[in-house]
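Please read the structure below before turning to the comments.
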Amino acid sequence: MVTARKGRGGGGPPRPRVVDGGGGSMVSRVAVLAFCVAGIWSAYITQGVLQETLSTKRFGPEARRFDHLAFLNFAQNVVCFVWSFIMIKLWSSGGSSSAGRAPLRKYWGVSITNTVGPAMGIEALKFISYPAQVLAKSSKMIPVMLMGTILYGVKYTFPEYVCTFLVAGGVSSFALLKTSSKTIKKLANPNAPLGYTLCFLNLAFDGYTNSTQDLIKSRYPKTNPWDIMLGMNLWGTIYNAVIMFVAPLLFSNWPYANGFEAVRFCQENPEVAWDILLFCLCGAVGQNFIFLTISRFGSLTNTTITTTRKFMSIVISSVISGNPLSLKQWGSVVMVFSGLSLQIFLKWKRKKVRDHKE
């Protein structure tokens, strides 16, 4: 998946300074914000629809499934590597190896978790529905709080525990409720425990990836989002190429996704190839709007936009893509996004207090 993190990280290329006041009329700021919302929503909602289509639809006269979902991760790495290289040439003064920027070799280690994590999230769609995957991946605050409490003795406030309870309760109840037979029939191999496990492992790997990217950014302060995107996707492309194209040649019974078979499937079904290309472009374009939002309005505004986008993705999947949710499941969805909304509100209050003290 796209490796410059959604809702986190630096600002727009190459200047990440947040503009909170001034800098244009209110009308122009509202127009830019609306542009950012439209860009993030359209890019990632479209990407979600394509991801769900590729994981559930049957293609060609033989009605075959595209079983090589890990190939999406490889394709995303290639497209985002090329995209970030172009953006660096357009926006940066000098190459990504210039003074103050992290050298490409610094990304090889963290790129392993960034390769494995998103691949697990995509593979989960073989076992659980897209709405279930979105909900599970929305609960990233839970492992963060657990790690903070257990490993570092961090103490959280009561409202923060309420947020966690709402999110954890919503995800848990959604997982325990019966999924409609229509949705189950679309899945390649329905297996809820395995699907949710893959999602939570994805979150764990993402947590390590994000913290390591922050460490790289702190050690090399002139590193901008496109540098991180370039380095991560360079190594991700190399790793996935070895896994999907070299390993199958060396091992006859290679159990992982086979890149040659994925390419052959795309040649036989051009519709799949176009869907994959559009999927990758949506992820790359979406990053432009995320960087723009953070640079103009701050990470809190970006978090609000991306959270509401996830809710809309579930609504669209349920209504348009034919994944009907029961009334109780909608209650679980509301629980999760109530917790996320409360978390955003608490962050907004802390920011207001901090700004007032300054």
Side-chain angles (χ1 to χ4, degrees), residues 1-19 23 32 35-36 38-40 42-44 46-47 50 71-115 118 209-210 212-242 245 273-274 276-299 302 306:
M1 299 293 287
V2 179
T3 54
R5 293 148 293 150
K6 300 177 185 176
R8 298 195 49 171
R15 297 178 301 173
R17 185 172 62 88
V18 177
V19 181
V32 172
F35 179 64
C36 292
I40 292 174
S42 59
Y44 288 116
T46 301
Q47 189 184 50
L50 290 167
F71 186 77
L72 296 179
N73 202 32
F74 169 72
Q76 182 82 101
N77 284 144
V78 174
V79 171
C80 286
F81 171 73
V82 174
W83 184 278
S84 57
F85 179 81
I86 293 173
M87 297 307 295
I88 286 174
K89 292 301 181 183
L90 290 176
W91 294 97
S92 298
S93 56
S96 60
S97 60
S98 59
R101 293 180 177 176
L104 292 176
R105 67 177 184 274
K106 292 295 181 179
Y107 299 100
W108 76 266
V110 67
S111 293
I112 295 177
T113 57
N114 193 64
T115 298
T209 299
N210 293 343
T212 306
Q213 287 178 342
D214 289 340
L215 181 62
I216 292 174
K217 185 69 173 66
S218 65
R219 289 182 176 177
Y220 300 91
K222 291 187 179 180
T223 299
N224 65 49
W226 299 120
D227 293 323
I228 297 175
M229 199 172 179
L230 180 76
M232 300 292 288
N233 283 288
L234 169 64
W235 289 104
T237 299
I238 294 172
Y239 294 153
N240 276 301
V242 171
F245 293 97
W274 283 110
I276 292 175
L277 177 60
L278 184 56
F279 169 88
C280 297
L281 289 176
C282 283
V285 171
Q287 287 302 305
N288 283 315
F289 290 101
I290 281 181
F291 294 155
L292 176 61
T293 302
I294 294 174
S295 66
R296 292 294 185 89
F297 306 101
S299 60
N302 182 68
T306 54

Is there a side chain to side chain contact (heavy atoms under 4.5 Å, CB included) between I228 and Y107? Walk through the geometry before answering.
CA-CA 8 Å; I228 297 175; Y107 299 100; 3.9 Å; yes

Atom pair CG/CG of N77 and N240 - distance to nearest 0.5 Å
5.0 Å

Atom of I290, atom of N302 and distance for their closest heavy-atom approach:
CG1-OD1, 3.7 Å

Any chance you could lay out the side chain to side chain contact (heavy atoms under 4.5 Å, CB included) test for W226 and W83, step after step, and finish with the verdict?
CA-CA 9 Å; W226 299 120; W83 184 278; 3.8 Å; yes

Counting only heavy atoms not in F85, do more than 12 sit closer than 6.0 Å to its CZ atom?
no

All heavy atoms of Q47 vs all of Q76, minimum pair found to be NE2-OE1, 3.1 Å

Shortest non-hydrogen contact from I40 toward F289
CG1-CB, 3.6 Å

Less than 4.5 Å apart, any side-chain heavy atom of V32 and any of F297?
yes

For G231 against S111, the heavy-atom pair lying closest together:
O-OG, 4.0 Å

When rounded to the nearest 0.5 angstrom, what distance separates CD1 in I238 from CG in N233?
11.0 Å

State the CD1-CG distance between I276 and L281, to the nearest 0.5 angstrom.
12.0 Å

dist K106:NZ -> T212:OG1 (nearest 0.5 Å) comes out at 12.5 Å

Minimal non-hydrogen separation, L72 against C280, with atom names
O-SG, 4.5 Å

Check F291 against P225 and note the closest heavy-atom contact, atom names and distance.
CZ-CB, 3.3 Å

Let me confirm one number: the OG1-CD1 distance from T223 to I216, rounded to the nearest 0.5 Å.
8.0 Å

Within-4.5 Å side-chain heavy-atom neighbours: Q287 and M87:
no

Enter the distance from L234:CG to M229:CE here, rounded to the nearest 0.5 Å.
13.0 Å

Check whether any side-chain N or O of T46 sits under 3.5 Å from a backbone N or O of A43 as a donor-acceptor pair, and report yes or no.
no

Would you say the side chain of I112 lies within less than 4.5 Å of the side chain of W108, judging by non-hydrogen atoms?
yes

